[in-house]
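Working notes, beginning with the structure itself.
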Amino acid sequence: MSSQYDAIVIGTGAGGGTLAMHLALAGKNILILERGPFLPQEKLNWDTSAVFLDNRYHTKEVWQNKEGQDLHPQQAYYVGGQTKVYGAAMFRMRAEDFGVIRHQGGISPAWPISYADLEPYYTRAEELFHVHGDLGSAPSVPGGFGSSFDPTEPFHSKPYPYPALSNEPRMQTIEDDVRRLGVHTFPIPLGLKRNEADPVASKCARCDTCDGYPCLVHAKSDADINCIREIMHLSNVTLMTNTRVTRLLTNATGTAVTAVEVIHSGPGSAYGNASEQSKSDALSPSRSDRTATYTAGIFALCAGAINSAVVLLASANEKHPNGLGNRSDQVGRNFMYHQADALLALSTQRNEDAYTKTWGTNDFYLKDSDPAYPFPLGQVQPVGSFHHEMMKGDAPPLTPGFVLETMKHHAVPWWLTTEDLPDPENRVTLHNTTPLSVEDVQPGVVGAHPSGDTGQTNQSEPVTTNAPHRIQLAYMPNNVKSFDRLKERWVDVLKKAGHATAQVPLHAYFKKRIPLEGVGHQNGTCRMGEDPSTNVLDVHCKVHDLDNLYVVDASCFVSASAVNPSLTIIANAIRVSEHLLQERLR
């Protein structure tokens, strides 16, 4: 089947979903390709064992690490991508993050754009994703507003569109005591649809199964609910699910992409303007020797930092022997995903708060409290939801469940993040560029919906995945000393405030100290810059060597900063959409 579209958007996560929405609302004829189905709305969305221990909503793909050992990525292949299972913390990068920063572990390089360039799009991103936050008394600063809470907060041209979530009793007590020590705290900006002024009308119930869980009631702002479902039935939009892109095809001169090649699997559906016959023909299950191709004027690759690099590498041809856009040999390199860990602070005081991720601190973001260590450390925020099952990975064998349950009621979980640095040897590599695939299943919308079973009952949506070990993700940690100091600083603050009799790492949360499996913050594999010899993308996220191919996700990141990347991905996608609509799709 071949049909001409104005643009084809590959992937529906923070970047792809946002880009597709803006192109669609501008009236452009677009095709959206998503390798997974819609994530099922089922009771198991809120089952801790299913989500965190059984990895119910993560792919069954097997990658390999630097040593060639099995790697089971926490990658979500659904409409909405990783935003279906993210924590919805919507931070702007600090203004300093766009410039050169010297860390103990090396240099965080400058971006080709500044915070001022991205600020208007941050504002629009906060509006699109219903971000709840508070700048306090919001003192006027050049260009807009500052924050009376957080000295590191960059200027905002507008205040947050929705008010911040309030603290529950335990977190309020800790915040009050920490502030008495002189620590600055701020309300965490959250993409949760909570109406505290009228809880009866609120989508968000402020439950204890939020951070890292899919939202059963669709109260979490994600790229599926906020973007794709707003446009999927428009006459100028076609959405194909269960559709994995195998490679991009170019013209004979290798100067432009002409088509995208895909494998369809299972009962994936086409929504929007495709004819009934074409829907049926296009979505017949296919194998690696039976593919479909689609053509367009513009192609936007938004598959996430790892898989976008995989598609480019897999698209090697005579004119691009090392992969599309890889003249610089930078495709797949400079992978980053943060130095991060969850930490449990235990005390004699009980914690019965349901949702705890309501305030944090950036006092250590740009500098250590010790002038003798002139390097940034990072950010501290609580984990949103916590259950005793998350401790099973750290507990000694045969530890009774009631012991873990008791610990849970005396613990507050914290999430600490330090910037890791771009290293060309931290990279995505593809073994065997032939588009081999296997068909797996993952939870789908058909079948039984049990309330407590975490077995295979509802795993009924086939998806094509990469052949085992085809993808290699090599990573060597860096900037670790600063991360260790951040932990020491925060534990010291909690002890002085009387809220940490003891502390233990919580490795089970995101699986063993956000090891390589925890790829939720993946970024940096196709960085943008003005020099084609050292960068993959230009400042508009167009591949330097191809006239009509854009990469619009966290691949373009030049540095990782020490904040959650989602809002920056969304803001940049809006920026790129504006460029496309003004310059390429008029």
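Side chains included, hydrogens not; waters and symmetry mates left out as well; all remaining heavy atoms used. Since we're looking at a predicted model, the values are computed, not measured.
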Quick one, [X] and [Y] - any side-chain contact, counting heavy atoms below 4.5 Å?
X: I570; Y: E126; value: no
X: F91; Y: Q381; value: yes
X: V257; Y: L249; value: no
X: F335; Y: R427; value: no
X: Q522; Y: M336; value: no
X: I574; Y: H22; value: yes
X: V51; Y: Y57; value: yes

- prompt: When the ring centroid of Y160 is compared with that of Y162, is the distance short of 6.0 Å?
  reply: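 They do not qualify: ring centres at least 6.0 Å apart.
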
query: For the rings on W46 and Y213, is their centre-to-centre separation under 6.0 Å?
result: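 No: the rings miss the under 6.0 Å criterion.
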
Distance, nearest 0.5 Å, that separates [atom1] of [X] from [atom2] of [Y]:
X: R35; Y: I10; atom1: CZ; atom2: CD1; result: 12.0 Å
X: N572; Y: F557; atom1: CG; atom2: CZ; result: 7.0 Å
X: E517; Y: Q74; atom1: CD; atom2: CD; result: 7.0 Å
X: N548; Y: T258; atom1: CG; atom2: OG1; result: 8.5 Å
X: M21; Y: I30; atom1: CE; atom2: CD1; result: 11.0 Å
X: T429; Y: I471; atom1: OG1; atom2: CD1; result: 10.5 Å

Who passes salt bridge (charged side-chain N to carboxylate O under 4.0 Å, His left out) against [X], sequence neighbours left out?
X: D545; answer: R327
X: D117; answer: none
X: K158; answer: E127
X: D222; answer: K84

- request: Can you spot which of T59, N307, T465, N242 makes a side chain to side chain donor-acceptor pair (under 3.5 Å) with Y77?
  value: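 Going through T59, N307, T465, N242 one by one, the side chain to side chain donor-acceptor pair (under 3.5 Å) with Y77 is satisfied by N307 alone.
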
- request: May I ask you to decide whether K60 forms a salt bridge with D440, counting only side-chain N to carboxylate O separations under 4.0 Å?
  value: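 No, K60 and D440 are not salt-bridged.
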
Tell me whether [X] contacts the main-chain N or O of [Y] through its side chain, where contact means a donor paired with an acceptor under 3.5 Å.
X: D47; Y: A50; answer: yes
X: D54; Y: R56; answer: no
X: T243; Y: T241; answer: yes
X: T83; Y: G80; answer: yes
X: N535; Y: L537; answer: no
X: N326; Y: Q330; answer: yes
X: N523; Y: S555; answer: no

- prompt: What residues form a side chain to side chain donor-acceptor pair (under 3.5 Å) with H132, not counting sequence neighbours?
  reply: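 If we apply the side chain to side chain donor-acceptor pair (under 3.5 Å) test to H132, skipping adjacent residues, there are no hits.
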
field: By side chain to side chain donor-acceptor pair (under 3.5 Å) - contacts of E153 (at least two apart)
entry: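 Only R94, H156 meet the side chain to side chain donor-acceptor pair (under 3.5 Å) criterion with E153.
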
query: Only one of T12, L23, T238 forms a side-chain contact (heavy atoms from CB on, under 4.5 Å) with I32, so which one is it?
result: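 Output: one option passes, namely T12.
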
query: Out of V262, I263, T246, which residue meets the side-chain contact (heavy atoms from CB on, under 4.5 Å) rule with T464?
result: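 The passing option is I263.
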
field: Residues that A88 engages under side chain to side chain contact (heavy atoms under 4.5 Å, CB included), provided they are two or more places apart
entry: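 A88 satisfies side chain to side chain contact (heavy atoms under 4.5 Å, CB included) with Y86, L192, K220 once adjacent residues are dropped.
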
message: Run the side chain to side chain contact (heavy atoms under 4.5 Å, CB included) test against N236 and tell me which residues pass, sequence neighbours left out.
response: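 Listed in chain order: A24, L234.
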
Selection [range] - residue pairs positive for salt bridge (Lys or Arg N to Asp or Glu O under 4.0 Å), sequence neighbours left out:
range: residues 575-586; value: R124-E578, D547-R584
range: residues 519-530; value: none
range: residues 190-201; value: E196-R206

- request: Give the ring-plane orientation class for H521 versus H338, where under 30° counts as parallel, over 60° as perpendicular and anything between as tilted.
  value: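 Taking H338 first and then H521, their aromatic rings stand perpendicular (interplane angle over 60°).
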
task: Check ring pair (Phe, Tyr, Trp, His ring centres under 6.0 Å) between Y115 and all other residues, then give those that pass, not counting sequence neighbours.
output: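 For Y115, the residues satisfying ring pair (Phe, Tyr, Trp, His ring centres under 6.0 Å) (neighbours in sequence not counted) are Y122, F155.
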
Shortest non-hydrogen separation from A223 to F129 and the atoms involved: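 Minimum heavy-atom contact is N-CE2, 3.8 Å.
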
